[in-house]
Each structure stands twice: as structure tokens, then as C-alpha cells.
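What follows is a short report on a single structure.
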Amino acid sequence: MKKRVLTLIFLASLLVLTTIIFSTSYVSAENNVCCEKLTADLGGAWCQNAPIASCDTGINSKTGQKYNTAPTSCESTQFCSTGTCFDSQEGICEEGVAQNVCNSGGGVWSEKSASELPQCGLGCCLLGEGASFVTQSRCKQLSSLYGVETNFNSGVSSEVQCIASAGGDEKGACVYETGSERTCKLLTKTGCNGITGEFFEGILCSDENLGTNCGPSEKTTMVEGQSEVYFVDTCANLANIYDSSKIKDKDYWSRIIPKEESCGYGSSNADSPICGNCDYYRGSTASAYKRGETAKPQYGDFICKDLGCTSNGVKYEHGESWCGLAPGTANITDQNNSGSYLFGGKTASPDLAKTNLPGSTYTRLSCYNNEITTENCYDARQKVCVQSEINGFKNAACKLNTWQSCYDQKDETSCLDREQRDCKWSPSEEDKKKFTGCDKLGSSVVRGILGNIGAISCLFYYNEPFGNQMSAFKTHGDTGYCTPLNQPGFDFWTGDNNGEGICSLGTVSCQYRTTKSVATGSGVDDGAECINSDNSVKPEWIQAMNYRCMQIGDCGPKLNYIGQPGEMKTIVEKKFGGEQAVGYFVRSDGKEVKVPGPGGTEKTLKFKDFFKF
């Protein structure tokens, strides 16, 4: 009887993609560069990593120069670096703005932070009855808008202190004579003394007992720096907070009523046609009525505007943030902010076939002042979006995907230490619960489960370490291997990443021995975990090796986030005679699997049928 030893190798390679992600539009491409600006048909977004064909190469009307492109990621370019943008017309400073975006909007850009720029210094701007914590330039612009003298105090260091300083003394009716009329202004006592009027603390000018030419009206207004809607009297003085039920209430038009005693206190009163007691911190603020955008107030032209947002039919409150379900990403929640992630609200690990796909990028959305802002967490899933909820209020954050040390962990405890890293141990506790009924097939495999895979109920975790990991499995998976919980991507276009090296960790060898005798014919003497008696490779073994490979990152055959395949590559091959000659092989691109057919031909199978996804 003759015997010969053969080696079966599962090859793990970096999945070189033809895709890139930018903003909230998803396309595929062959070459990837940093576009200073995308073409108009793609939304005209600034500073996006995209195919060169997607870049706007026209002339920037603001600068007179062509829009830039660079064969690298936008984070590495000068023209897309972020800093502080100062709008001299509006007197507003904004940090984290790309230089080209600032310049195109007519702003002045600086790489310094706002706190380092004198023109961005904040102070208290007094505007009649109200106050705003703004820059001096902004104060001048607001003072001109409201027709009052500029009163800016740079010595006030906080918004709370600024608002508290507005008005100074208690307000009241200041009655004085002008020609033949007895009229009134709502002022502080100090202000009233300045015009030699008679001051009535806590009384409104519309109080009929004052005998002035001021009275109730159906008009309303809003005040800079305050969130409420107010009645105004016939002399254009502020009265109490708008309450339609008090339109003819003499007492309500006679004395100043505090916010706490006004209608709807403790609620946002958003879109209420009858109450103007808006509350910014509860999601509303005074705004001019706009047909079709807000409810119509019963009186006047102002209403408590709802600062909340609606996205995909879901209502979000002002200040809430949530994770956008961008193609190829997972829905990750962490209710207790403890690192105990749930994927899709059900499982402790993501679905490898549907999430963390090549080219995908996590996004964080936030609702602020009735506007939704989208933030890309980071290319190549170096950050993932995690959402939590406290008392019904949603909060999401782009959290660092700390996957780099996963491959070095030797035990389950170290692997699952969420304070240090975000990793998954295989086989997991979820896997172990499903081991019953699976037969152990040799010393180098342990029973495991790959979710719902149809007819094949059991797959096997192979006894091959990653780097310094433990190499011996025990019964029921007492040891195993550690991989990233959220598989990272690799910036393959930069040419300086270690993706090939990382993916090579998934390469596995399975040695087996064939026998041949006159009496029994050909057979397999050893290595039954990977080879059938007819010398064909077991699909279960290939499935298990591919599952293991997919857990590493953008490795092995996968579809990308828009369902496009990668390159057709050899994933399994048999080597004979001291690894010299290559025989049986399997190739795949994530969409199709090519296996040996009769007469040296290849037979093409669907990936999902072969791998049972």
C-alpha cells in the first residue's frame, strides 16, 4: 500500500474593492482620490473621498481657481484641512470648517481655534430687553437690525451671566408726557429715571388704570435672546407671554406675569396656536409663522416652532442624535453605556454577511434647531456609531473601533475586556448554546455555529492560532480565537496600510494523507476534517475557514456595501509532493464560487448556495 501526504491550504487575502463612500451617496469606482468638491449631480458636497470621475474640475467662482483633487484621503490634504471660519458680515465664528468651504462662503479661514482668534472673542451684547452672548461684530450687526445702540461687554464670560444681566432692575411701566399725550414705555427703573418718567414696578403699560394711550392688541412678537412669544400693546411695548385665552383679560394686560405662571409652563408648546410659552430646552422657540411649515397662531404672526426633526418617518426631539443605517453597517445599541453592545437589538455580534461590509461607513445623525446634520464617523470603519437611550431620549456617538489588539489575545477574558478593546471570542456563548447534537470531527476542530445556514446546522472552528493566540481547542470550545467585534476596513488606495498582512492571519493549512492499495483502492488515512473519502474538499471546512477569515476584516470573498463583488481569487488549493504541484482549487469573488468540474473545467455556483448564507 502506498501513502502520500498532501497539504490543503485555505488562502485569506485582502479584499481589494472597487468602491468608495462619501456623504450619504453611495457609488462604486476603480480609482479613489480626494475631491475638493463633487459634481452637481452628486450633490456638490465638499471634501469627499470618491472616484476621480465624481470630482468637480470646474472653476470656483469665489476663488477663481480650479477645484482641487489629490490621490490620497481628504484627511491628508491641505485644501480640506479644518479650522475656524470667521464670517465678517454676520460676525460669526465656526470651528471644524474645511478651508475651501469657508472661502467659498466668503469667510476668512484660520487653522487656529476660535479661542485663539481675537475676532472670535465672545461677550455680552445688550439688545433692549434682551441679551446675546456673541462676538463684538455680531453685536454690531444685531444692534443695527433691532435699531438700538451697540452695548457690548467683553468682560462677561458666560452665556448664563450675560442673560442674567439683561434688564438689570425690575421692569415696569414708565409713564411720561409727550406733547399733549400721556404715554408709556416698559423700562427698568434706571431707564425710566433717564427720561424723567413716573415708574410703576411690575405693571404693564397697557394697564387702563395708568390712563395712557397704550392698550391691549392682537399683535405678538419675539425677542432676540429669548425663546417665548409675547403680546405687544398698541404702543409697541412688550406685554405678557402670548395666551389666546387672555386676549380680553384686563388683569393679564395690567401686571407682569412670570413665565412660571403663564400658559403651558413645563411643556414645549411646539406648534401651539394658543400658547407662546416656548421652551428651548424642551424643543421649541419663538419663530415667525410660515404657511405650510408651522401651525397658524390664533392671534399674531409668531408661534413656538418645533425644533424637532423627522427622518424616515421617525420623530426626533431637538438635541437628539441617532445612528444612520448606512448600507453595509450594523445597528449597534448600548443601552447602559457599558460596552454591552446589541446588534439589531437581538444578538451580541453582527451578521458577517450583511454588516461591516467593505466600503461601508457608519454615520451619526443629529437634530438641532429643526435641522438634521449627518456626520460620517470615519472611513474604513475605524469608528462605529453606537446609540443609547435614557428616558426615551436618544444619544449616539462615533466611538473608536479598538480592534488592533484583538488578534494578540490568548484567552476569552482578555479578548472580551471592553475597556481595552472591541473584540469577539469564537466560539461565543451564543455558539455554545447550540452545540448540542453536533458531532466532534477530529482533534483539530471544535463544534460551532454560523447562525441560520439552512440544511447545514454545524460548522467548525479550526485549531489554528492568530499570532500568539492559543492553538489548542478543548471540548465545547473552552479555548478559541479572538477577532474584531466590528470588522475593520483597510485604506487600500493609500498603499501604506497593513491589510495584506492582517488578512494573511486567516490562511490555514490542513494536512491529510491518502492511501492506495490493490485491495481497498484509494482512501483518506488522516485529515478527515477537511477532505472527503473521494479526495474532494469538504464544503463544511471551506465554510468554516471562510467564516473565520471574514471575521478578520475586509478579507476573503465578500460583496461590498452596495452588493458588488471583489476580485475573483483562489481561496482553497491542494498542494502535492512537498508543496510543489498545485491541484484542486476553489475561487470566489463574494458573488460566485468556482469549483473544479469534469475534465479540468470549472463549475460556477452562487456564493449564497455554496456558503449557505
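Worth knowing before you read on, the calculation uses all heavy atoms, side chains too, and leaves out hydrogens, waters and symmetry mates.
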Do [X] and [Y] have side chains that approach each other closer than 4.5 Å (heavy atoms only, starting at C-beta)?
| X | Y | value |
| --- | --- | --- |
| Thr183 | Cys214 | yes |
| Met222 | Val229 | no |
| Gln387 | Lys394 | yes |
| Cys125 | Arg138 | no |
| Tyr368 | Thr373 | no |

Can the SG atoms of [X] and [Y] be said to lie under 2.5 Å from each other?
| X | Y | value |
| --- | --- | --- |
| Cys304 | Cys278 | yes |
| Cys184 | Cys235 | no |
| Cys93 | Cys120 | yes |

Partners meeting side-chain contact (heavy atoms from CB on, under 4.5 Å) with Leu210 (sequence neighbours left out): Ala173, Val175, Phe200, Ile203, Asp207, Thr212
Hey, what's the ring geometry for Trp253 with Phe231, parallel, tilted or perpendicular (30° and 60° as the breaks)? tilted
Using a strict threshold of under 4.0 Å (side-chain N to carboxylate O), is an ion pair present between Lys315 and Asp306? yes
Closest non-hydrogen atoms of Asn240 and Tyr252, given as atom of the first, atom of the second and distance, are ND2-O, 2.6 Å
